[in-house]
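First up is the structure itself, then whatever we jot down about it.
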Amino acid sequence: MVAGLALAFGLSAAFAETPALFAGTGPAEASYSDPLPATIAVSTYVPPVCAAEPCPLLIAVHGMGRNAKGARDAWKAAADRAGFLVLAPRFDKEQFPSRRFQQGGVRGEPDKTKWTFGLIERLFDGARASGRVAGDSYTIFGHSAGAQFVHRMVMLVPEARIATAVVANAGYYTLPVLAGDRAYPYSLKATPATDATLIRAFSKPVLVMLGDRDIDPDHPQLNKSRGAEEQGPTRFARGEYFIAMAADEARRLGVALRWREVAVPGVAHQQSGMAKAAAAELFAAR
C-alpha cells in the first residue's frame, strides 16, 4: 500500500527534500519543499504531552486569508487537552491561486499526481519521518476555503490516508454527482471520478460542520457565482444541500454514508469557533 501511494503521489522526492518537523515543543515555523514543485511555509504545534512519545496528527487547512499560523493556533488548546500534533500548511496566493488551492488543480488536469491534494499526503510522510507522529493516518480540518479543499480531496482522492475529515463552513461545494448541467468545481462532472470513487469516498468519516449563524447572503467572501448560488443563498444552506445530495447519491449506489452534518449553535463564519466545536466532536472522550 505504501509503495502504491509513493507511486501515485511521487513521495521519493518529498522524502529527500522535506526538512525535519516537530523538532521541539510548542509552536514553530518551518518550510516544506514539494515536487509539485512548490515550497510552502508550515506552522506546527507540539503540546507538552507529546514531548516524550509520538502523538496523532491533525492537519489544519486555512481559509481565504491564508493564515496558517491562525489555523494552527485555533487548535492549540485542544491539542494540549487531547494530546495531538498540529500541522498547518500555507498555500500562498502566488503559487496557489483558487484554481490550485480550493479546487486542487483538478480542472483540465487528468493526471492526479499533479493535483495539489497530493501535497498533503507527501507532507504527511515528511511529518512521519520526524518520528513524532503516531499511526498511519491523520485527521484533516478545513475552514471556509480550506473546507472547499478538504471536501474535494475526500471525494477525488479517497485513497488518501485521512482518518476523519472535517469540512467547516465551506463557501460552496463540489456536489457528489458525476453528471448534470454544472461541471467541476460545482460537481464531479469532467473529473476522473467514477461510481467506485464515490463509494470509497462515502465510506470515509466526514463531519460537515455548519455554523448556524453563517447565514449572511451578502458576506463579502461568499462565492456569488451562478453555480454556487444554485446551491443556496448562504453557507449554511449550501452545506445542507451538499449533505442531502450526498445522501441521495449513497442511496442510488446502495451504500452507507459515513458523512454527518453537524450544526454549530451560535457560530457564524469564525474559524476559532468551528475548531472548538470540531474538537468537541473529535476528542470528546479524551
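For clarity, every value in this text was computed on a predicted model and none was experimentally measured.
- Remark: side-chain polar atoms of W115 are not paired, donor with acceptor, to backbone N or O of M153 under 3.5 angstrom.
- Within the 4.5 Å cutoff, the side chain of M274 has no heavy atoms near those of the V166 side chain.
- I215 approaches T234 most closely through the heavy-atom pair O-CG2, 3.2 Å.
- Taking the six-membered ring for Trp and thresholds of 30 and 60 degrees, F84 and F283 have nearly parallel ring planes, at less than 30 degrees apart.
- The residues R238 and E230 are annotated as not salt-bridged, no charged nitrogen and carboxylate oxygen being separated by less than 4.0 angstrom.
- Under the 3.5 Å distance criterion, with hydrogens and angles disregarded, no donor-acceptor pair is assigned to the side chains of Y172 and S225.
- Using a 4.5 Å heavy-atom threshold, the side chains of H143 and M209 count as separate.
- When every heavy atom of I40 is checked against every heavy atom of Q95, the shortest pair comes out as CG2-NE2, 4.4 Å.
- Under a 4.0 Å N-O distance rule, the pair D125/R122 does not qualify as a salt bridge.
- Between L21 and Y32, the closest side-chain pair of non-hydrogen atoms is not below 4.5 Å.
- A 4.5 Å side-chain heavy-atom check between D212 and P265 finds at least one atom pair inside the cut-off.
- Ring geometry for Y138 against F124 counts as tilted: the plane angle lies between 30° and 60°, on a 0 to 90° scale.
- Side-chain contact annotation: D80 with Y45, donor-acceptor N/O pair under 3.5 Å present.
- You'll find the side chain of E249 reaches within 4.5 Å of the side chain of F202, heavy atoms only.
- The distance from the OH atom of Y184 to the OG1 atom of T174 is 4.5 Å, given to the nearest 0.5 Å.
- Although no hydrogens or angles enter the test, the distance criterion places a donor-acceptor pair under 3.5 Å between the side chain of Q231 and the main chain of Y173.
- Looking only at distances, no side-chain donor or acceptor of N169 sits under 3.5 Å from a matching main-chain atom of A147.
- Both L178 and V106 belong to a common hydrophobic cluster when Ile, Leu, Val, Met, Phe, Trp and Tyr are linked at side-chain heavy-atom distances under 4.5 angstrom.
- Tested against F101, the residues K93, R66, M64 include a single side chain to side chain contact (heavy atoms under 4.5 Å, CB included) partner, R66.
- Atom CG of L85 and atom CZ of F22 lie 5.0 Å apart (nearest 0.5 Å).
- Judged by a 6.0 Å distance limit and a 45° cone about the ring axis, R100 is positioned over the six-membered ring of F96.
- Counting only distance, with no hydrogens or angles, the side chain of K204 and the backbone of V154 share no donor-acceptor pair below 3.5 Å.
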